[in-house]
Structures are given as structure tokens and as C-alpha cells.
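Small disclaimer: the values here were computed from a predicted structure and weren't measured. Here is how names work: the chains are called A, B, and so on, in the same order as the sequence lines, proteins then strands, and each is numbered from 1.
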There are 2 protein chains.
Amino acid sequence: MAQSHKFALRRRTIYRTNETSNSVAIICDGWACAYIPLPDGNRQILSFLLAGDITSAAAVFQDRSEISIEAVTDVHYCMINKADLRTALGSDRKVFDEFSAMWVRRKEEVEKLATDLGHRTAEARIARLVLGLLERLGERNLVHDLRFAFPLRLQHIADAAGLTVVHVSRIIGDMRRRGVIEMEGRFLTILDQHELMNISS
Amino acid sequence: MAQSHKFALRRRTIYRTNETSNSVAIICDGWACAYIPLPDGNRQILSFLLAGDITSAAAVFQDRSEISIEAVTDVHYCMINKADLRTALGSDRKVFDEFSAMWVRRKEEVEKLATDLGHRTAEARIARLVLGLLERLGERNLVHDLRFAFPLRLQHIADAAGLTVVHVSRIIGDMRRRGVIEMEGRFLTILDQHELMNISS
DNA sequence: CGCGCCGTTGAGGCTCCTCAACCCGGGTGG
DNA sequence: CCACCCGGGTTGAGGAGCCTCAACGGCGCG
């Protein structure tokens, strides 16, 4: 399958909304995020992409996408030709099954995100974001003693949770002071998982 | 393909979260809604389902789903066997293409919903809900002079927009008094489309 | 040294929620 | 027949949650 490796510095955009492209990116190393830009300059981050994640499953079936992709850390990624991927989906049963499983999972995550944004408090949204990352990083064996690399800036959390940086700062400050989580040196430690799950409501 | 026709009275639930089922429903007549129930008794409505819509595309690939389906009006629907549908997807190129196109569209709608819930005001969310229905009903030729059947109760709007009934009532009251929309007899008329689009920001 | 990025904190205000009361229309049962 | 209830919509008063604006401090880098 035709593919090429690429690299992006942190904060660079990998794909811009409505650009046409005949290939999709798969993250090889680092973190990226997928978001919808808003007319007022804000954005809604829909998901954080980790190693192995495809940037947008929907993009395989269309040549443009509403979604933008930006590097959160420095990122290595890999471009795969969409047409090749589509034919592989048709011919290889295993590829198809994996792809559809991934697609289902991503859809469920967006649906949960919508639910959080519509009905939960700032505190709960942030707690759920952290717990979601804990789970996904755990599957990749990147968590040790409830501690994991956490390159997100407050701005990322704010954009993902539909909040302002100021308010995220207050909430996280609270959580720290209450001994629920700890953040230093771009690492996050969950000190009180039970309480964090309570907060996530 | 094995299928059976069914009927549900309005306000009845057609599928309850995490029930196992080997078939998916397609709406034949009437309106339904797909939602995620919340522990506190609230819910987030993710989409309104019209004639021709499949209740949940993801459900085709799993035997249980996080999502519940409820009839908004009295509804005729049709159960299709999931395994049959999956084999049809593998063997029939046209079925596959239509299915994936539908899936892409539904995913985009949820992503836009998340964006609205995260970053837009109550007024804008409601305006976008109305405009989204205008578009979908328009494709089905169910709109005449910006007027269409509108069976939603305030509670549905509230659950979809992440608001309370009380606040939805105020916002819609405002819109009515300002001559933007009109609602009577379960019909909605858009009186000032330009202003409605402004409001939707 | 200066500047940009990042996080923190305070004061004040708007949006939306909560609680509560009330109205209307359509059953349903005495 | 009326009494009553239930689903649905409206309105008011007060308050919580989150935002805006603003200022400040630390850190890394040209």
C-alpha cells in the first residue's frame, strides 16, 4: 500500500478543514488532536489521537473533511492512500473488521463527548477526559502506577471540554489542592482514582 | 433479507440501552430519537430519526449499544437482521457505498452536535436544530414555504440542546415574539430565515 | 534583555438552572 | 356531569456556574 512517513512540530496543523487530499494520516508517534474550527476563532476538539490512531475514519470515504488535525507534541505520522485503503477494505475481511470496530469505537466516543458537553459540569468533563486518556494509554501500556505522560496544555483541555482556560485552571487547581491529581513536568498522576470517578459523576 | 414490520406508540422506547438484539430498526414512518440516558434521569438526544433512517449504524457491528431509541410520534419501523446486513455489505458494492456514505454523514452530525453543545449559546443551538431539521425534511420534500410538521415537545428540544425545558420555553417565546419562527398545531414555520441563520451564529 | 507562551488569580457580570406557581386541554373515573 | 389528574407550556425570582477582562509571575528562547 502506498504510504509515506512525515513529521510535524508541535502546534503545527497536519490537516486543515476542507483541504482536498487523497490520503489519510495515521499517527506513529506523539499526540495530535482532531477539532472543528469555529467562526469566532475557537474550536471544539473532538478527540486526541495517539500512536496507531487514524486521524479521521470518515476521511477515507470523502476527499475533504470538516475536521482539522493539529500536532499536540512533535508527531511522526504516516500517509496512506485512501483508494488503496478502500480496496483493502473490500478485499480483506480482517482489515474490514478492524476498521469497522475502530469506527464504532470512535463514534461512541464522540457521542459520549456530546453527552458530557450537554449535561455535565466542568469538573466532571475534565475528570472524564483524564479517565478516558487513562484507559486509552493503559491499553498501550503507557501507564504505570496511575501515572502517564500528559502533554496537553490547559488550552487543549479547555477546547476539548468546551470551557475557557481560566476556568480549567481553577478546576484543576482545586483538584490538585484536594489531592485528586498531580501534574508536573508534563506528567499526570491520579492520586485518588475513586474520588476522580466520583467527580466524573 | 429477513425483516419484520413493527409499530410503536409515541413516547414508547423502541430499543433500550444494552439490550442484546440481532436486528436493527429502520424507521418507515414517523419520528423517533436516539439518545444516551444519564444516571440522573436526564438524557442527551443525539439525533432525530426520520423515515428511511437507520436507528444506529454502529449497532450493525455489535449486539448491544449504549444508545436508546424512543418514538417521538407513533412510529412504523422495520427490523433487519444484522448478520444479513453485514453479509450484504461484504457482497454488494452498492449497499456498502450507501451505508458508508450514511455513516459518514451521521458521524459528522454528531461531531457538529458536540461542537454546538460545547461552544454555542442556547439560542444558537435551538436555531441550528431547527435549520438541521429544515434541511433533512427538505430533502424528503416535506417542507413547503418554510413550513413543516414539527412533533417535538419542548422536552425533546431541551434534551437535544442540553438545556432545561424552562429555558427552551423562554428562548422560543423570544423567537416567536421577534417574528423569527411560528409554532402552532405541531407545525413550525420559519418566518425570517435570514435572522434564524444569524442567530445560529 | 525582551518577548511569547503558559499558568494563576481576582472582580464582576451574563447565561442558564432551580424551584415554584399557574394555565390549558384532554382523558378517566366517580 | 363534574372532579381530578397528567402531559405540556409559560412565567417569575433567585442563585450557581462559567465567562470576560485584567493583571501578574515563571519559564524558555532569540
*Asks:* State which of D:dC18, D:dT20, C:dC16 makes the closest approach to the side chain of A:Val166.
*Replies:* D:dT20

*Asks:* Using a 4.0 Å cut-off on protein heavy atoms (strictly under), produce a 5'-to-3' string for nucleotides 25-30 of chain D with B for base contact, S for backbone-only sugar-phosphate contact, and - for none.
*Replies:* ------

*Asks:* Round to a whole Å and report the spacing from CG of B:Asp159 to C1' of C:dC16.
*Replies:* 16 Å

*Asks:* What pairs of residues pass the side chain to side chain donor-acceptor pair (under 3.5 Å) test when at least one of them lies in residues 6-22 of chain B, not counting sequence neighbours?
*Replies:* B:Thr17-B:Ser68

*Asks:* Send over the distance from A:Arg153 CZ to C:dG4 C1', rounded to a whole Å.
*Replies:* 13 Å

*Asks:* Listed in order of residue number, which residues of residues 169-179 of chain B have a non-hydrogen atom at under 4.0 Å from DNA chain D?
*Replies:* B:Ser169, B:Arg170, B:Arg176, B:Arg177

*Asks:* For B:Thr121 and C:dT15, is the shortest distance between a side-chain N/O and OP1 or OP2 below 4.0 Å?
*Replies:* no

*Asks:* Please report the distance, rounded to the nearest Å, between CD1 in B:Ile126 and P in D:dG9.
*Replies:* 13 Å

*Asks:* Is the A:Phe7 ring parallel, tilted or perpendicular to the A:His76 ring (thresholds 30°, 60°)?
*Replies:* tilted

*Asks:* Side chain of A:Arg10 only, heavy atoms from C-beta on: which candidate in D:dT10, C:dC5, D:dG8 is closest?
*Replies:* C:dC5

*Asks:* How many whole angstroms separate atom CZ of B:Phe150 from atom P of D:dG8?
*Replies:* 14 Å

*Asks:* Could you tell me which residues satisfy side-chain hydrogen bond (donor to acceptor under 3.5 Å, both in side chains) with A:Glu66, sequence neighbours excluded, listed by chain and number?
*Replies:* none

*Asks:* Holding to side-chain hydrogen bond (donor to acceptor under 3.5 Å, both in side chains), I want the full list of residues that pass it with A:Arg170, two or more places apart in sequence or in another chain.
*Replies:* none

*Asks:* Without decimals, in angstroms, what is the distance between B:His167 NE2 and D:dA13 P?
*Replies:* 16 Å

*Asks:* Would you call B:Lys112 and B:Glu135 a salt bridge, using N to O less than 4.0 angstrom?
*Replies:* no

*Asks:* Could you tell me how far apart A:Gln155 (CD) and C:dT8 (P) are, to the nearest whole angstrom?
*Replies:* 13 Å

*Asks:* Report the relative orientation of the aromatic rings in A:Phe48 and A:Trp31; use parallel for angles under 30°, tilted for 30 to 60°, perpendicular for over 60°.
*Replies:* tilted

*Asks:* Rounded to whole angstrom units, what separation is found between the CG atom of A:Asp116 and the P atom of D:dC18?
*Replies:* 13 Å

*Asks:* Hey, could you give me the CZ/OG1 distance between A:Arg128 and A:Thr115, rounded to the nearest 0.5 Å?
*Replies:* 8.5 Å

*Asks:* How would you list, by chain and number, every residue that makes a side-chain hydrogen bond (donor to acceptor under 3.5 Å, both in side chains) with B:Lys82, sequence neighbours excluded?
*Replies:* none

*Asks:* Base, sugar-phosphate or nothing for A:Arg11? Non-hydrogen atoms, less than 4.0 Å.
*Replies:* sugar-phosphate

*Asks:* Please state whether the rings of B:Trp103 and B:Phe61 are parallel, tilted or perpendicular, taking 30° and 60° as the class boundaries.
*Replies:* parallel

*Asks:* How many Å lie between CG on B:Leu154 and C1' on C:dC23, as a whole number?
*Replies:* 15 Å

